[in-house]
Protein chains: 2
Amino acid sequence: MIIRIESESDIPIYLQISNQIIEGIARGYIKAGQALPSVRSFAADLGVNMHTVNKSYHHLEQKGIIRIVPKSGAVIASPQDFNESTINKLKDEYKHLIAESLVIGMPTIQITELVDTLLEEFKKSNGQLK
Amino acid sequence: MIIRIESESDIPIYLQISNQIIEGIARGYIKAGQALPSVRSFAADLGVNMHTVNKSYHHLEQKGIIRIVPKSGAVIASPQDFNESTINKLKDEYKHLIAESLVIGMPTIQITELVDTLLEEFKKSNGQLK
DNA sequence: TTTTTGTTCTATACAAAATAGAACAGATTT
DNA sequence: AAATCTGTTCTATTTTGTATAGAACAAAAA
């Protein structure tokens, strides 16, 4: 899996890393149970600081997406028992995103089609999706 | 239209204001051509600084959602001629949001249903939506 | 045993966010 | 015409977030 860091981006580096890992999991490039690179080697690959990768991992762990085993490493979690809070935050993000889409004049049909297209795209990369 | 500021939130105040204005427009509580409160009166109502509201207004203007007439005031813009860049940024946000939803185990059906439900909810508040 | 692992600590540098106060000039209201 | 209100601009301070750096620790892995 290839991760690209854009230093000019207004998105913090640790979030760029987190987001691309999430996409990698969704596309099936990395699967539950598999280990992520160590914070040191990953940082060296990406050309960023160790603490930045560490922050990204803890960000993903707080979302329940990975498990960090102390003194061992980080592993992709199984998609199960996610707390209500995580789901509610996602729902709020959907609400805001849809609101903004409507405000700039996107018809509802275009929104549903966009979502369907993206879902199909992920399914194409990852056959295991339900 | 009621706007609530959560000072404990990790979302910056100026974004909380922007987001709730966007939702207000999507729901039809405020319509194109209508004026927003002055930065000073709005700041007084919300209990925040004038410059924070000003930042929010400029943030909305940069998105093309409102127009700021110098020495006069801010007005809701008409949903027209939005640049490709704005739409592409929205598409990226949809992509990431869907990826995260899939990763935490949401079935695709639940995602499309959530989007449909939210769209219906906005339509119920705002009959003018296409 | 040596290396690697995440963790923890101190430290520095920079940018963003939020507040505050003052002043300006144009628009609006009275 | 005068007074008020408008967004704008400027300086200033405080707090928080981001990113880097280096060092040390103890447990796990090779």
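No experiment lies behind these values; they were computed from the predicted model shown. Letters go in sequence order (proteins before strands), and every chain restarts at 1.
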Between the side chains of A:Ser101 and B:Tyr94, is a donor N or O closer than 3.5 angstrom to an acceptor N or O?
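Yes, a side-chain donor-acceptor pair sits under 3.5 Å.
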
Any donor-acceptor pair, under 3.5 Å, between the side chain of A:His58 and the base of C:dG6, if you only look at N and O atoms?
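Looking at the base of C:dG6, it does not pair with any donor or acceptor on the side chain of A:His58 (distance under 3.5 Å).
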
So A:Met50 and A:Phe42, do their side chains get closer than 4.5 Å, heavy atoms only?
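A:Phe42 does not reach A:Met50 side chain to side chain.
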
Enter the inter-axis angle for the ends of the helix from C:dT1-D:dA30 to C:dT30-D:dA1 (five pairs per end, rounded to 10°).
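That helix has its two terminal axes inclined by roughly 40°.
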
Between A:Leu15 and B:Ser38, which has a closest nucleotide on DNA chain D that is more 5'?
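The residue mapped nearer the 5' terminus is B:Ser38.
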
Look only at the side chain of A:Gln34 and the backbone of A:Ile76, and say whether a donor-acceptor pair between them is shorter than 3.5 Å.
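Checked: no pair found.
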
Spacing between A:His59 atom NE2 and D:dA19 atom P, to the nearest angstrom:
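Going from NE2 in A:His59 over to P in D:dA19 covers 12 Å.
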
To the nearest Å, how far apart are B:Ile17 CD1 and C:dA18 C1'?
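For the pair B:Ile17 CD1 and C:dA18 C1', the rounded distance is 11 Å.
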
Please compare B:Pro70 and A:Ile13 by the position of their nearest nucleotide in DNA chain D and report the one closer to 5'.
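Here B:Pro70 is the residue nearer the 5' end.
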
Going only through I, L, V, M, F, W and Y residues with side-chain contacts under 4.5 Å, is there a path from A:Ile17 to A:Leu36?
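Hydrophobic grouping puts A:Ile17 with A:Leu36.
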
Hey, quick one: are B:Leu119 and B:Ile87 part of the same hydrophobic cluster, counting side-chain heavy atoms closer than 4.5 Å, chains of contacts allowed?
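The answer is yes; both residues are in one hydrophobic cluster.
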
Can you figure out which of C:dA18, D:dA21, D:dG7 approaches the side chain of A:Asn49 most closely?
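Among the listed nucleotides, the one closest to the side chain of A:Asn49 is D:dA21.
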
Could you state the atom-to-atom distance from CD1 of B:Ile68 to P of D:dC5 in whole Å?
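My rounded result for the distance is 21 Å.
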
Closest to side chain of A:Ser72, choosing from D:dT18, D:dA29, C:dA27:
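For A:Ser72, the side-chain atoms sit closest to D:dA29.
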
Do the side chains of B:Leu15 and B:Ile65 join up, straight or via other hydrophobic residues, at under 4.5 Å, putting them in one cluster?
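In one cluster: no.
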
Shared hydrophobic cluster for B:Ile5 and B:Met1 (ILVMFWY, side-chain gaps under 4.5 Å)
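Yes, B:Ile5 connects to B:Met1 through the hydrophobic network.
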
State whether the distance check finds a donor on one side and an acceptor on the other, under 3.5 Å, for side chain A:Lys71 versus base C:dG6.
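Between C:dG6 and A:Lys71, which were checked side chain against base, a qualifying N/O pair under 3.5 Å is present.
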
Would you please confirm or rule out a distance under 4.0 Å between OP1 or OP2 of D:dT18 and any side-chain N or O of A:Thr52?
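For D:dT18, OP1/OP2 do not have a side-chain N/O of A:Thr52 under 4.0 Å.
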
Whole angstrom value for the distance that separates P of C:dT7 from CD of A:Glu61
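Going from CD in A:Glu61 over to P in C:dT7 covers 7 Å.
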
Below the 4.0 Å mark, does C:dA17 have OP1 or OP2 next to a side-chain nitrogen or oxygen of B:Lys55?
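B:Lys55 to C:dA17 OP1/OP2: side-chain N or O found under 4.0 Å.
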
Between atom CD1 in B:Ile11 and atom C1' in C:dA16, what is the gap in whole Å?
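In whole Å, C:dA16 C1' and B:Ile11 CD1 are 16 Å from each other.
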
Side chain of A:Arg40: nearest nucleotide among C:dT28, D:dT8, C:dT7?
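When the side chain of A:Arg40 is considered, C:dT7 is the closest of C:dT28, D:dT8, C:dT7.
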
Which part of the nucleic acid, if any, lies within contact of A:Tyr14, taking any heavy atom under 4.0 Å across all strands shown: a base, the sugar-phosphate backbone alone, or nothing?
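A:Tyr14: backbone/sugar contact only, no base atoms under 4.0 Å.
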
In whole Å, what is the span from the NE2 atom of A:His51 to the C1' atom of C:dT12?
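Computing the A:His51:NE2 to C:dT12:C1' distance gives 13 Å.
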
Are A:Val103 and B:Tyr14 connected in the hydrophobic side-chain network, where two residues link if heavy atoms are under 4.5 Å apart?
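No, A:Val103 does not connect to B:Tyr14 through the hydrophobic network.
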
Check the distance between C:dG6's P and A:Tyr57's OH and give it to me in whole angstrom.
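Checked: the OH to P distance equals 7 Å.
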
Which of the following nucleotides, C:dT7, C:dA17, D:dG7, is nearest to the side chain of B:Asn54?
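The listed nucleotide nearest to B:Asn54's side chain is D:dG7.
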
Could you check how far CE of B:Met50 sits from C1' of C:dA23, rounded to whole Å?
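Rounded to the whole Å, the gap is 11 Å.
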
